[in-house]
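A short worksheet on the structure shown next.
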Amino acid sequence: MTELSLTPAPRARRPRPKVVTLTEAAAMRVREIMAKAEKPYAGLRVGVKNGGCAGQEYVLEYAEAANPLDEVVEDKGVTILVEPKAVLFLIGTEIDYVTTKLSAKFVFRNPNETDACGCGESVTIEPGKALDA
């Protein structure tokens with residue numbers, strides 16, 4: 001007699017979309033910056049903090065190590081560590097690096113932004129939908 005198992009076999013999870021992605025220009029600039037850094041870093045930490053006239057500001061900084069709850073994203077040869085409290089604010093964001101005659105800067109194209117200040121230094125962001133929704 002054959003024994004039946006009532007426990008379903010685990011299904012493979014579908015890959016989750018990346019919280020943030022980089023354009024080729026942004027990835028190239030981050031790789032250049034990291035190569036010139038004074039010491040090796042684990043990656044680029046991306047977050048959001050309260051501030052500015054619109055309420056929130058993006059944060060980019062060197063990360064010496066990944067924190068246990070960081071969302072780790074590998075994109076175009078760059079390791080991006082997204083702070084846990086920023087994940088819902090950054091879902092679907094593309095980070096670009098733009099050079100004009102007067103400036104060179106990282107630009108966030110975030111579908112969750114609802115407003116921005118006139119100077120472009122701060123934004124209003126509504127939490128996005130969950131990645132697995």
Side-chain angles (χ1 to χ4, degrees):
M1 184 190 247
T2 305
E3 195 173 311
L4 294 174
S5 173
L6 299 177
T7 305
R11 291 188 295 169
R13 290 188 68 177
R14 66 182 169 103
R16 288 189 338 184
K18 295 176 180 177
V19 175
V20 296
T21 57
L22 299 171
T23 64
E24 194 54 52
M28 186 170 67
R29 183 63 182 139
V30 170
R31 289 190 302 263
E32 288 172 1
I33 291 170
M34 292 294 204
K36 294 177 184 177
E38 295 174 3
K39 59 183 178 177
Y41 289 97
L44 177 69
R45 185 170 314 284
V46 179
V48 176
K49 70 176 184 176
N50 292 333
C53 45
Q56 294 167 303
E57 299 173 338
Y58 295 110
V59 177
L60 291 173
E61 59 189 15
Y62 293 118
E64 292 187 16
N67 293 329
L69 298 177
D70 283 344
E71 181 80 20
V72 180
V73 176
E74 298 286 340
D75 192 32
K76 297 176 183 67
V78 175
T79 300
I80 306 164
L81 306 171
V82 182
E83 295 176 346
K85 66 180 183 178
V87 169
L88 285 178
F89 293 101
L90 295 175
I91 291 173
T93 297
E94 178 185 65
I95 303 172
D96 195 6
Y97 186 74
V98 178
T99 303
T100 67
K101 289 181 180 181
L102 299 175
S103 70
K105 62 184 177 178
F106 287 98
V107 175
F108 288 72
R109 294 191 185 106
N110 186 343
N112 306 306
E113 277 185 27
T114 58
D115 197 12
C117 68
C119 66
E121 293 298 318
S122 67
V123 294
T124 303
I125 309 170
E126 296 294 325
K129 295 186 168 80
L131 291 174
D132 292 324

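Owing to the predicted nature of the structure, the values given are computational and were not obtained by experimental measurement.
With rounding to the nearest 0.5 angstrom, the NZ atom of Lys105 is 15.0 Å from the CZ atom of Arg29. If you take CD1 on Ile33 and OH on Tyr97, they are separated by 6.5 Å, rounding to the nearest 0.5 Å. Separation of atoms CG (Leu81) and CD (Glu83) is listed at 9.5 Å; rounding is to 0.5 Å. The CD1 atom of Ile95 lies 9.0 Å from the CG atom of Asp75; values are rounded to the nearest 0.5 Å.
As a member of the Ile/Leu/Val/Met/Phe/Trp/Tyr network built from side-chain separations under 4.5 Å, Val107 groups with Val98. Residue Leu69 is found outside any hydrophobic cluster, as its side-chain heavy atoms come under 4.5 Å of no other Ile, Leu, Val, Met, Phe, Trp or Tyr.
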Q. Checking side-chain contact (heavy atoms from CB on, under 4.5 Å) for the pair Val46/Leu60: CA distance, chi angles, key distance, verdict?
A. CA-CA 5 Å; Val46 179; Leu60 291 173; 3.6 Å; yes
Q. So Tyr58 and Val48, side-chain contact (heavy atoms from CB on, under 4.5 Å) or not? Walk me through it.
A. CA-CA 5 Å; Tyr58 295 110; Val48 176; 4.3 Å; yes
**Q.** Verdict with reasoning, Arg31 to Met34, per side-chain contact (heavy atoms from CB on, under 4.5 Å)
**A.** CA-CA 5 Å; Arg31 289 190 302 263; Met34 292 294 204; 5.8 Å; no
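Judged purely by atom type and a 3.5 angstrom limit, Arg45 uses its side chain to pair as donor or acceptor with the backbone of Ala65.
Considering every non-hydrogen atom in both Glu74 and Lys18, the closest pair reads O-NZ, 2.9 Å.
Using a 4.5 Å heavy-atom cutoff, the side chains of Lys76 and Val30 are not in contact.
Linking ILVMFWY residues whenever their side-chain heavy atoms come closer than 4.5 Å, directly or via other members, leaves Ile80 and Met28 in distinct clusters.
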Donor-acceptor contacts under 3.5 Å from residues 84-94 side chains, at least two apart:
| unit_1 | atom_1 | unit_2 | atom_2 | d |
| --- | --- | --- | --- | --- |
| Thr93 | OG1 | Leu90 | O | 2.8 |
| Thr93 | OG1 | Asn110 | OD1 | 3.3 |
| Thr93 | OG1 | Asn110 | ND2 | 3.4 |
| Glu94 | OE1 | Arg109 | NH1 | 3.1 |

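Only one option out of Thr23, Thr21, Leu22 pairs with Asp96 in a side chain to side chain contact (heavy atoms under 4.5 Å, CB included); it is Thr23.
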